[in-house]
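Keep in mind it's a predicted model, so treat the numbers as computed, not measured.
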Amino acid sequence: MTEHRGDATPTTTTMTVRGEDWYARDLSGQEFRNVEFVDLDLTESFGVGAVFEECVFRHAKLNASVHTDAAFMNCTFVRSTFFDVRFERCKVIGSRFEDCTWDIAKVEGGNWSFVSLAKADLHSASFTGVRLREADLTGVRATGGTLRDCDLSGAWLDRADLTGCDLRGSELTGIDPSAVTLDRAIITLPQAVTIIESMGLDLRVE
C-alpha cells in the first residue's frame with residue numbers, strides 16, 4: 001500500500017478572505033483556488049458544481065449547507081463545523097479535516113479517496129455510497145454512525161471505534177479486527193465471512 005494515509009498535497013494559498021458572511025449564498029458554478037478562508041460563514045449556502053481547489057478553511061461554518069456535484073480538492077479544514085451539512089456526489093479527494101464537528105452530517109455518493117478524517121467524531125454522521133479508498137480513518141469514533149455501501153479499500157482504520165456502526169454493503173476486505181472495535185456493528189453475512197477470513201479462520205458450513 002502506498003503511504004498516503006490520506007494526507008493532502010501541501011497547500012500554498014495566494015490570498016486570504018476573512019470574516020465573510022456567505023449565509024444562504026448560491027455557490028453554483030463558482031471556482032476558488034489557493035484561497036485561505038478564515039471565519040467564513042457558509043450557513044445554509046447551497047449550489048451545484050462549485051469548485052474549491054487547494055483552499056484552506058479555518059473556523060468555517062458550513063452548517064445546514066447543501067453541496068451538490070461540488071469539488072473540494074486537496075483542501076484543508078481546521079476547526080470547522082459541518083452540523084446538518086449535506087454533500088451529494090461531491091469530490092473531496094485528498095482533503096484534510098482537523099478538529100472539525102460532524103453532527104448529523106450526511107454524505108451521499110461521491111469520491112472521498114485519500115481524505116484524512118483521523119480522530120473525527122462521526123457518531124451521528126451518515127456516509128452512504130461514498131468512495132473512501134485509502135482514506136485516513138485512524139481513531140475515528142463512529143459509534144452508532146453509518147458507513148453503508150462505502151468503498152473502504154485500503155482505508156486506515158487503526159483504533160477506529162465502529163461500535164454499533166451500520167457497515168452494511170461496505171468493502172471490508174483487509175480490515176484488521178484486532179485493530180478496530182466492531183462490537184455490535186451491523187454487517188451482512190458476506191461481510192462476516194470476509195472478517196472471519198481476515199482473522200485467519202477456516203470457515204466451513206458443516
Side-chain angles (χ1 to χ4, degrees), residues 4 6-9 25-32 42-55 57 60-77 80-97 100-118 120-137 140-157 160 162 164-175 185-188 190-191 194:
H4 288 290
D7 290 350
T9 302
R25 179 168 174 169
D26 185 354
L27 300 171
S28 296
Q30 297 191 34
E31 298 186 7
F32 302 88
L42 283 166
T43 301
E44 295 191 20
S45 63
F46 60 95
V48 178
V51 175
F52 294 85
E53 186 174 344
E54 296 191 8
C55 293
F57 297 81
K61 296 178 181 178
L62 289 88
N63 303 333
S65 59
V66 180
H67 308 275
T68 304
D69 297 317
F72 294 85
M73 305 289 287
N74 291 320
C75 292
T76 300
F77 295 84
S80 297
T81 59
F82 294 88
F83 175 81
D84 198 24
V85 71
R86 193 180 193 95
F87 291 99
E88 300 175 347
R89 302 182 303 278
C90 293
K91 292 182 179 179
V92 191
I93 299 171
S95 291
R96 296 180 59 86
F97 299 87
C100 297
T101 59
W102 293 90
D103 295 323
I104 63 173
K106 292 181 176 62
V107 181
E108 299 180 352
N111 191 344
W112 288 53
S113 296
F114 308 112
V115 302
S116 176
L117 283 162
D121 185 349
L122 304 179
H123 79 276
S124 64
S126 174
F127 286 71
T128 305
V130 183
R131 189 174 187 177
L132 285 160
R133 287 193 172 186
E134 296 195 48
D136 186 356
L137 304 178
V140 157
R141 290 164 288 160
T143 302
T146 300
L147 288 168
R148 285 199 66 171
D149 300 313
C150 293
D151 184 354
L152 296 170
S153 302
W156 299 78
L157 285 159
L162 304 180
C165 185
D166 189 346
L167 298 170
R168 285 176 290 178
S170 291
E171 174 59 62
L172 301 180
T173 303
I175 193 170
I186 303 170
I187 60 175
T188 63
Q191 289 174 306
T194 296

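Note on ring orientation: taking the six-membered ring where Trp is involved, the planes of F82 and F77 are perpendicular (angle over 60°, cut-offs 30° and 60°). Aromatic ring orientation, H67 versus F72: perpendicular (interplanar angle above 60°, classes split at 30° and 60°). Ring geometry, F52 versus F32: the interplanar angle falls under 30°, so the pair is classed parallel (tilted spans 30 to 60°).
Applying the side chain to side chain donor-acceptor pair (under 3.5 Å) definition to pairs two or more places apart or across chains, those involving residues 100-110 are R86-E108.
No side-chain donor-acceptor contact under 3.5 Å links S116 to the backbone of R96. Looking at D151, its side chain never comes within 3.5 Å of a backbone N or O of R133 through a donor-acceptor pair. Side-chain N or O atoms of S80 include one that pairs as donor or acceptor with a backbone N or O of A60 at under 3.5 Å. Not a single donor-acceptor pair under 3.5 Å links the side chain of E88 to the backbone N or O of V66. With hydrogens and angles disregarded, no donor-acceptor distance shorter than 3.5 Å links the side chain of S65 to the backbone of S45.
Minimum interatomic distance between L152 and E171 (heavy atoms only, all atoms of both residues): CB-O, 3.2 Å. Residues S28 and G47 share a closest heavy-atom pair of OG-CA, 3.3 Å.
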Quiz item: So V92 and V107, side chain to side chain contact (heavy atoms under 4.5 Å, CB included) or not? Walk me through it.
Solution: CA-CA 11 Å; V92 191; V107 181; over 6 Å; no
Quiz item: Given L157 and V140, is the side chain to side chain contact (heavy atoms under 4.5 Å, CB included) satisfied, shown in steps?
Solution: CA-CA 7 Å; L157 285 159; V140 157; 5.8 Å; no
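The shortest side-chain heavy-atom distance between R141 and H123 does not fall under the 4.5 Å cut-off. Residues T194 and I187 have side chains not in contact (no heavy-atom distance under 4.5 Å, counting atoms from C-beta outward).
Interatomic distance, L42 CG to L62 CG, rounded to the nearest 0.5 Å: 5.0 Å. We find the CD1-CD distance between I93 and E134 to be 12.0 Å, quoted to the nearest 0.5 Å.
The salt bridge (charged side-chain N to carboxylate O under 4.0 Å, His left out) check on D69 picks up R89, with sequence neighbours excluded.
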